[in-house]
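Here the structure comes first, spelled out in structure tokens, and everything after it is commentary.
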Amino acid sequence: MDDFFTLEEKKELFSLYRHLLQSAGDSIFWRDCQKLKKHLIKAAQCNGLQRNNFGMNPVIRDLQTAVIVAEEIGMKGSCLIGIMLHEIVKGHVLSIDEVNAEYGEDVASIIKGLVKTNELYAKSPAIESENFRNLLLSFAEDMRVILIMIADRVNVMRKIKDTGNEEDRIKVANEAAYLYAPLAHKLGLYKLKSELEDLSLKYTQKETYYFIKDKLNETKASRDKYIAAFIEPIQKKVAEAGLKFDIKGRTKSIHSIWNKIQKQKTPFEGIYDLFAIRIILDSEPDPAKEKQECWQVYSIVTDMYQPNPKRLRDWLSIPKSNGYESLHITVMGPEGKWVEVQIRTRRMDEIAERGLAAHWRYKGIKGETGLDEWLTSVREALENADNDSMKVMDQFKMDLYEDEVFVFTPKGDLFKLAKGATVLDFAFHIHSKLGCKCIGAKVNGKNVQLKQKLNSGDQVEIMTSNTQTPKQDWLNIVTTSKARTKIRQALKEMVARQHAFAKETLERKFKNRKLEYDEATMMRLIKRLGFKNVTEFYQRIADGGLDVNEILDKYIEQQKRDSDTHDEIVYRSAEGYNLQTAQEETTSKEDVLVIDQNLKGLEFKLAKCCNPIYGDDVFGFVTVSGGIKIHRSDCPNANQMRERFGYRIVKARWAGKSEGTQYPITLRVVGHDDIGIVTNITSIISKENGITLRSIGIDSNDGLFSGTLTVMVGDTGRLEALIKKLRTVKGVKQVSRN
């Protein structure tokens with residue numbers, strides 16, 4: 001034993017041992033400690049433990065790894081004993097059966113997992129493969145094994161600076177970047193992930209690492225000064241809001257900065273976001289309240305600093321699959337510098353920084369995905385202080401990715417799909433066109449139907465036909481959201497083509513009968529015929545359920561209905577008529593409409609097809625019932641009325657003033673779908689005297705914003721002024737009157 005440890009290693013051994021017992025608390029029984037010591041001494045005496053390529057003492061190494069597992073990942077008990085014993089089992093000093101007898105099944109299971117996973121890892125030459133990382137997770141029978149492997153690699157990376165040969169260091173560092181850092185990321189261990197990436201860069205690209213590190217040290221004073229100036233007003237406002245919080249500036253990892261330098265092809269000086277501001281709220285662990293307070297802080301920050309709408313990342317509403325919750329925004333700080341601000345609660349921060357270490361206090365917080373639920377279950381298991389608490393983990397066979405299967409193409413390419421995925425899911429996973437033409441598949445050489453479920457290891461060859469088209473019932477066959485989305489999109493495109501053909505047929509009939517097609521009239525007809533929407537109407541035409549000639553006859557009837565309807569507000573061309581006092585005539589000489597040869601006192605209605613208002617160039621149209629309807633001179637129906645019913649046209653003009661009278665006007669606004677565009681538009685309308693907003697409809701698609709606003713306005717002057725102001729709103733490209 002004396003020959004196995006150097007003097008320095010002995011000191012470190014006792015220090016680490018005390019440290020570990022303190023971290024483990026009562027999760028390790030005293031009798032297990034005594035047995036553990038006995039087995040370690042026996043292994044050292046019979047040369048059963050070997051140092052690695054870097055000369056690391058295996059006992060010291062395992063103690064260091066156990067401390068990381070206990071303090072930075074949050075696992076205790078069986079895990080720590082398993083770490084300390086697995087090298088002894090690998091050295092054949094102790095058998096798995098003996099471990100099972102003396103320490104229990106849980107410890108034996110962890111050791112078996114470590115040995116098995118190490119063997120799998122040793123056999124795979126392509127460790128940089130994303131599918132290998134997933135396969136490794138899928139094959140692991142106990143997720144604790146993966147977590148221990150990550151902790152061990154962090155430990156090794158910390159200790160190999162001046163030991164071993166360069167080739168071994170680079171190999172270990174590359175593995176850390178390719179395999180262990182992504183695994184840590186998937187499991188929410190962001191702190192360990194960043195450390196692995198930085199250390200990997202340090203060993204593989206030493207000059208780059210120290211160049212960035214030195215640059216960060218040089219700019220630290222100015223960076224700290226800027227952070228303090230940026231934070232000060234935010235601290236004041238958030239405190240005034242009555243929230244408890246911490247704010248800190250966090251310099252981004254060296255690896256992250258290096259990635260940006262490469263991606264943006266810019267020197268160090270060109271990277272603007274070298275740091276992020278993190279606001280951590282002391283909220284109660286109530287999901288609704290946490291979100292509310294985070295958005296409250298978001299409002300405070302964006303009121304103070306202009307946000308970049310393209311850089312908003314909302315992981316509050318939909319957390320990442322590894323449980324990460326936070327709100328990220330980028331704002332324009334002093335001196336025109338962009339600054340990233342991260343807003344989260346204490347609970348969210350602990351989960352983000354320490355992954356599984358954030359456990360007992362958050363019992364029962366239900367996640368959206370399989371990984372979130374898994375993390376929640378782990379937290380519940382860890383809450384129990386009993387030594388056997390980790391046995392709850394036994395239910396996690398194929399732990400993290402128990403809901404996934406791995407299938408192969410005939411060429412041997414590996415694909416990951418959700419458990420329960422069908423042949424049709426697989427076809428759409430590869431490509432939309434392949435999915436749309438899929439008629440079945442050969443699975444392991446046998447012909448199967450679209451609905452055949454796939455299992456891990458299946459080899460799948462998709463069969464297609466050029467005559468195949470997507471079907472509505474396919475949505476009942478597939479199980480993945482990706483396939484459902486693609487099927488819906490394909491069905492929508494098919495329907496759109498059918499509708500376009502139906503509409504084209506209808507419009508051609510209109511031209512043949514020399515009828516003017518008016519969209520508003522057609523919309524009213526479609527509604528009167530009992531259709532819920534235009535899609536349903538055109539689908540009926542495409543299916544042959546509606547005769548186009550009958551539709552034209554009903555369209556003409558609808559035009560007559562519109563001309564004869566009496567449900568509009570009746571105006572009087574006398575001394576003014578106030579819409580807001582609908583039954584009272586006023587004695588003022590305002591809002592006067594002079595019809596024909598200076599006739600006054602005639603009742604009139606404003607046409608719905610063009611919605612004229614005071615100030616528009618207008619004309620009157622005598623309806624069949626004898627009433628007069630006022631149209632704008634540029635009304636879409638004006639030409640048709642003049643050609644067919646010229647004898648019914650009468651002159652009309654506005655006179656006097658328009659005070660007190662308001663008319664409904666619909667505006668169409670088109671622009672970029674920027675955050676705050678709706679707020680800015682409604683804010684302008686609310687500040688305009690004599691204009692009120694009656695309704696607003698919004699549609700957003702592929703980054704484009706399209707909205708219709710109905711406002712009450714007195715005259716064209718006010719309307720034109722409003723349109724001019726709306727065009728100045730950031731993101732607005734077009735404002736037009738319907």
Side-chain angles (χ1 to χ4, degrees), residues 72 158 161 190-202 205-241 243-264 266-283 293-294 296-308 311-313 324 326-346 348-354:
E72 300 191 49
R158 287 174 181 175
K161 180 180 177 183
Y190 291 106
K191 190 176 177 182
L192 296 184
K193 173 233 180 189
S194 293
E195 186 176 355
L196 283 168
E197 288 176 335
D198 279 2
L199 290 172
S200 175
L201 189 66
K202 179 180 178 180
Q205 299 185 56
K206 191 173 182 179
E207 289 182 6
T208 299
Y209 175 85
Y210 282 105
F211 168 78
I212 296 173
K213 187 177 181 181
D214 291 343
K215 284 285 187 182
L216 287 173
N217 288 335
E218 286 172 18
T219 57
K220 186 177 187 303
S222 61
R223 196 164 61 247
D224 290 347
K225 185 178 178 183
Y226 185 89
I227 289 171
F230 181 90
I231 285 174
E232 186 181 3
I234 297 176
Q235 278 181 316
K236 186 179 176 184
K237 287 286 184 184
V238 177
E240 286 174 2
L243 298 172
K244 293 180 180 178
F245 64 98
D246 287 330
I247 301 184
K248 56 187 176 184
R250 181 187 60 85
T251 302
K252 296 201 172 180
S253 71
I254 293 174
H255 184 270
S256 174
I257 293 169
W258 172 235
N259 269 346
K260 286 182 179 292
I261 289 173
Q262 287 184 303
K263 201 175 289 183
Q264 299 174 15
T266 182
F268 176 88
E269 289 73 17
I271 303 296
Y272 64 80
D273 51 350
L274 290 172
F275 59 88
I277 304 298
R278 186 171 294 166
I279 303 173
I280 302 169
L281 298 165
D282 288 316
S283 300
E293 291 185 357
C294 286
Q296 187 180 351
V297 173
Y298 165 85
S299 177
I300 291 170
V301 174
T302 52
D303 281 347
M304 200 169 298
Y305 299 114
Q306 178 66 37
N308 182 341
R311 300 277 295 168
L312 172 67
R313 300 290 181 268
Y324 182 85
S326 191
L327 187 60
H328 292 196
I329 53 174
T330 302
V331 298
M332 180 67 76
E335 303 171 26
K337 292 181 181 178
W338 289 109
V339 179
E340 181 184 307
V341 181
Q342 301 172 357
I343 304 167
R344 59 178 70 154
T345 64
R346 190 76 59 190
M348 296 173 189
D349 189 59
E350 286 193 46
I351 292 171
E353 287 297 303
R354 304 181 66 207

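Values below: all heavy atoms of this structure, side chains included; hydrogens, waters and symmetry mates excluded.
At least one side-chain heavy atom of Y305 sits under 4.5 Å from a side-chain heavy atom of F230. Here the side chains of K215 and T219 are not in contact, with every heavy-atom distance at 4.5 Å or above. For the pair V301 and I279, the minimum side-chain heavy-atom distance is below 4.5 Å. Between S283 and E293 the shortest side-chain heavy-atom distance falls below 4.5 Å. A 4.5 Å side-chain heavy-atom check between T330 and V339 finds every atom pair outside the cut-off. Contact of the L327 side chain with the Q342 side chain is not registered, since no non-hydrogen atoms from C-beta on lie closer than 4.5 Å. For the pair T345/D282, no side-chain contact is recorded, criterion being any heavy-atom separation below 4.5 Å from C-beta on. Looking only at side-chain heavy atoms (C-beta outward), M348 and I280 stay at 4.5 Å or farther from each other.
Between the CG atom of L201 and the CD1 atom of I257 there is a distance of 10.5 Å, given to the nearest 0.5 Å. Y190 OH to S326 OG: the interatomic distance, rounded to the nearest 0.5 Å, is 9.5 Å. In this structure, NE2 on H255 lies 9.5 Å from OG on S194, to the nearest 0.5 angstrom. Distance check: F275 CZ to L216 CG gives 11.5 Å after rounding to the nearest 0.5 Å. Rounding to the nearest 0.5 Å places NZ of K202 at 15.5 Å from CD of E197. Atom CD1 of residue I227 and atom NZ of residue K248 lie 12.0 Å apart, to the nearest 0.5 angstrom.
A cation-pi arrangement is found for K337 relative to Y226, the charged atom lying closer than 6.0 Å to the ring centre and inside a 45° cone about the ring normal.
Scanning both residues, T251 and R223, for their nearest heavy atoms gives OG1-NE, 3.4 Å. Across K213 and I254, no two heavy atoms sit closer than the pair CB-CD1, 3.9 Å. Shortest non-hydrogen contact noted between R344 and C294 is CA-SG, 4.0 Å. In terms of heavy atoms, W338 sits closest to Q306 at CZ3-O, 4.0 Å. Nearest heavy-atom pair, I277 versus G249, reported as atom, atom and distance to 0.1 Å: CD1-CA, 4.1 Å. Nearest heavy atoms, A241 versus I300: CB-CD1, 4.0 Å.
Side-chain contact check for E207 and Q205: no donor-acceptor pair (N or O, by modelled atom type) lies under 3.5 Å.
Heavy-atom neighbours of K237 NZ from other residues, nucleotides or ligands within 6.0 Å: at or below the threshold of 12. Atom CD of E232 sits in a sparse spot, with 12 or fewer heavy atoms from other residues, nucleotides or ligands closer than 6.0 Å.
Under the side-chain hydrogen bond (donor to acceptor under 3.5 Å, both in side chains) rule, D246 has a single partner from R346, R278, Q235, which is R346.
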Check against salt bridge (charged side-chain N to carboxylate O under 4.0 Å, His left out), K220 and D224: CA-CA 6 Å; K220 186 177 187 303; D224 290 347; 2.8 Å; yes

Check against side-chain contact (heavy atoms from CB on, under 4.5 Å), H328 and R311: CA-CA 8 Å; H328 292 196; R311 300 277 295 168; over 6 Å; no

Salt bridge (charged side-chain N to carboxylate O under 4.0 Å, His left out) evaluation trace for E72 with R158: CA-CA 15 Å; E72 300 191 49; R158 287 174 181 175; 3.2 Å; yes

Chi angles and distances behind the side-chain contact (heavy atoms from CB on, under 4.5 Å) call for L312, Y298: CA-CA 11 Å; L312 172 67; Y298 165 85; 4.1 Å; yes

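F211 and F268 have perpendicular rings, their planes meeting at more than 60° on a 0 to 90° scale where under 30° would count as parallel.
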